[in-house]
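We count ligands from 1, going down the list as the structure has it; atoms in each ligand are counted the same way. The figures that follow rest on heavy atoms only: side chains count, while hydrogens, waters and symmetry mates do not.
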Amino acid sequence: MSDTKDTLIELKNIKKTFEDGVTVIEDLSLEIKKGEFVTLLGPSGCGKTTILRMIGGFEKPTEGTILLDGKDISNLAPNERPINTVFQKYALFPHLNVYDNITFGLKIKKMDKKVQDEKVKKVLEMVDLESFEKRSISTLSGGQQQRIAIARAIVNEPEVLLLDESLSALDYKMRKEMQLELKEMHKKLGITFIFVTHDQEEALTMSDKVVVMSDGQIQQVGTPEDIYNEPSNLFVADFIGESNIFKGKMVGKKQVEFCGTVFDCVDDYAEDTIIDAVIRPEDVMITEVGKGQMTGEVLICDFKGIFYVTTVKTGKAEMEIHSLKAYKEGEKVGLIIPPDNIHIIPYDTSINHYEGIVEDYNAEKGLVVAFDDFSLTVPANRVFQTAVEKEGMLVDHSGKEISWKGAAVVASFLPEDGTLSDEPDSGFVSGHIFNFIYIDDHYRYRVRSESEEDYIVHSEYLWNQEDYVSVQVPTDKFVFELK
Ligand code: ADP
Ligand code: MG
């Protein structure tokens, strides 16, 4: 199937359900090559640690297998795997000195004292803490403790080193330093590093390969450049770096319209395809009015050290632009976006589709359709083409008579036809804001209900993650189809 020649670790269709019954990973597959520096990147709670713990052997997958060099290791204990972990909290023994911390695992293996000494010397050199053997842990700085934790992990000469947010506890400067050192160490050791972070900058600077995750699912796997330049969906585009996102549509061959302007682009999709255009702030050029493809007015211009962040209002939308020049508030400017800098993501037409069952029917009220989270009462002719009732049967679009009872129906609605409300239970369903992104002049919210269904709704108002909201959609905005 895949090229397994240099594959070291393979996760195959991993599912993880915890004892409390919550499934945090549905079906995840991933290949990691020998010697690679791979980073799992995603927001807190997306399942990064869970995956790392399964690779390390601290958790067992509920379903699926983990292969190492082609052999199934899913059921091996942590110490039976050629894998070592550097935990987020360093988990050093405070009452032992550096030497005893590093050799803890070697002593269990009853390794010769002289060999132990040599190994400790070598790993201390590796982490730049030569002759620290006798120091007590409590006298070490955070950065030094971090190094000792790494030394303790690599002294076992593992094939794979797992690092869970290993630099998160360090201050900014130390962290930057350790990032470089870890990369150096990776080169010197030549082993596979699997690193976990929620910090995109850290992931982009350190990795050969980045695995972007959200919600227990892999969103994209690629080199840092791929992930930044060619985000495969809006989550990645929004999570990695800064993005301007505009809704638009294809209007011709490699021609796209957004913000009321037609642009040449390099992506080829069918005319009329609804799309989201992703534009990085550094990819827009500001010029004189009349010389650009579009015109806008400067709202704010902030100095950021090396460049300015200029926010330009164009039509209803706002665009954030990085420029080397400062612009005045209220100044009119022209904007140019070269074709290469317009990244197009076709709109996902599968969102907001819900499957239900017809539970009841009467000629006056219509059909009662029950979905997981809600039920809707609609005139029968919105589901079945005609509403001719014949002994418990209705006629569908092809003239076929079918029993309405138990008929499967798919209801859908467009994000722009929905609204959100703070008023509890004022809509057809309620849930928590799971995430949101800013598009054109409004937010696109993903609301997750109790039963884990998602509802995508646009709103110009700002809610925060976790806010509890009701989703309102007028019944006449729903589209129904017989399944
Ligand atoms: P991340 O490392 O990306 O922040 P985790 O893998 O730690 O995410 O957690 C993913 C989800 O699994 C979270 O919702 C978390 O609450 C849940 N989770 C983690 N460990 C357990 C556990 N032992 N029992 C139940 N739920 C857990
Ligand atoms: Mg974690």
N or O contact, Phe18 vs ligand 1, cut-off under 3.5 Å: no

Is there a polar contact between ligand 1 and Lys48, counting only N or O atoms under 3.5 Å apart? yes

Kindly say whether the aromatic ring centers of Phe132 and Tyr99 come within a distance under 6.0 Å. no

Among Gly45, Ser214, Cys46, which residue places a heavy atom closest to atom 4 (O) of ligand 1? Gly45

Should one rank Asp215, Leu40, Thr49, Val22 by closest heavy-atom distance to atom 2 (O) of ligand 1, which comes out on top? Thr49

For atom 5 (P) of ligand 1, tell me which residue out of Ile25, Asp164, Thr50 has the closest non-hydrogen atom. Thr50

The criterion is salt bridge (charged side-chain N to carboxylate O under 4.0 Å, His left out); which residues satisfy it with Glu320, sequence neighbours excluded? none

Here's one to test your reading of the geometry: is the NZ or CZ of Arg448 within 45 degrees of the ring axis of Phe434 and under 6.0 Å from its centre? yes

Protein heavy atom under 4.0 angstrom of atom 16 (O) of ligand 1, is there one? no

Measure from NZ or CZ of Lys16 to the centre of the six-membered ring of Phe18, then state whether that distance is under 6.0 Å and the direction lies within 45° of the axis. yes

Between Thr65 and Ile14, which heavy-atom pair has the shortest distance, and what is it? O-CD1, 3.5 Å

Can you tell me how far OH of Tyr438 sits from CG of Asp238, rounded to the nearest 0.5 angstrom? 12.5 Å

Let me confirm one number: the CG-CD distance from Leu124 to Glu133, rounded to the nearest 0.5 Å. 5.0 Å

Atom indices of ligand 1, in the order listed, that fall short of 4.0 Å to a heavy atom of Asp20: 25 (C), 26 (N)

Any protein heavy atom < 4.0 Å from atom 27 (C) of ligand 1: yes

Atom 12 (O) of ligand 1 [closest protein heavy-atom partner, distance rounded to 0.1 Å]: Val24 CG1, 3.0 Å

Under 4.0 Å, heavy atoms only, figure out whether ligand 1 is touched by the backbone of Ile51, its side chain, both or neither. neither

Closest non-hydrogen atoms of Asp20 and Val22, given as atom of the first, atom of the second and distance, are OD1-N, 3.1 Å

Assess Arg280 against Tyr228: is NZ or CZ under 6.0 Å from the centre of the six-membered ring, and within 45 degrees of the ring's axis? yes

What protein heavy atom sits nearest atom 8 (O) of ligand 1, and how far away is it? Gly47 N, 3.2 Å

Close aromatic pair by centroid cut-off 6.0 Å: Phe413 and Phe478: yes

Could you name all protein N, O or S atoms found under 2.8 Å from the Mg ion (ligand 2)? Thr49 OG1

Heavy-atom nearest pair, Ser470 first then Ser430, reads OG-OG, 3.2 Å

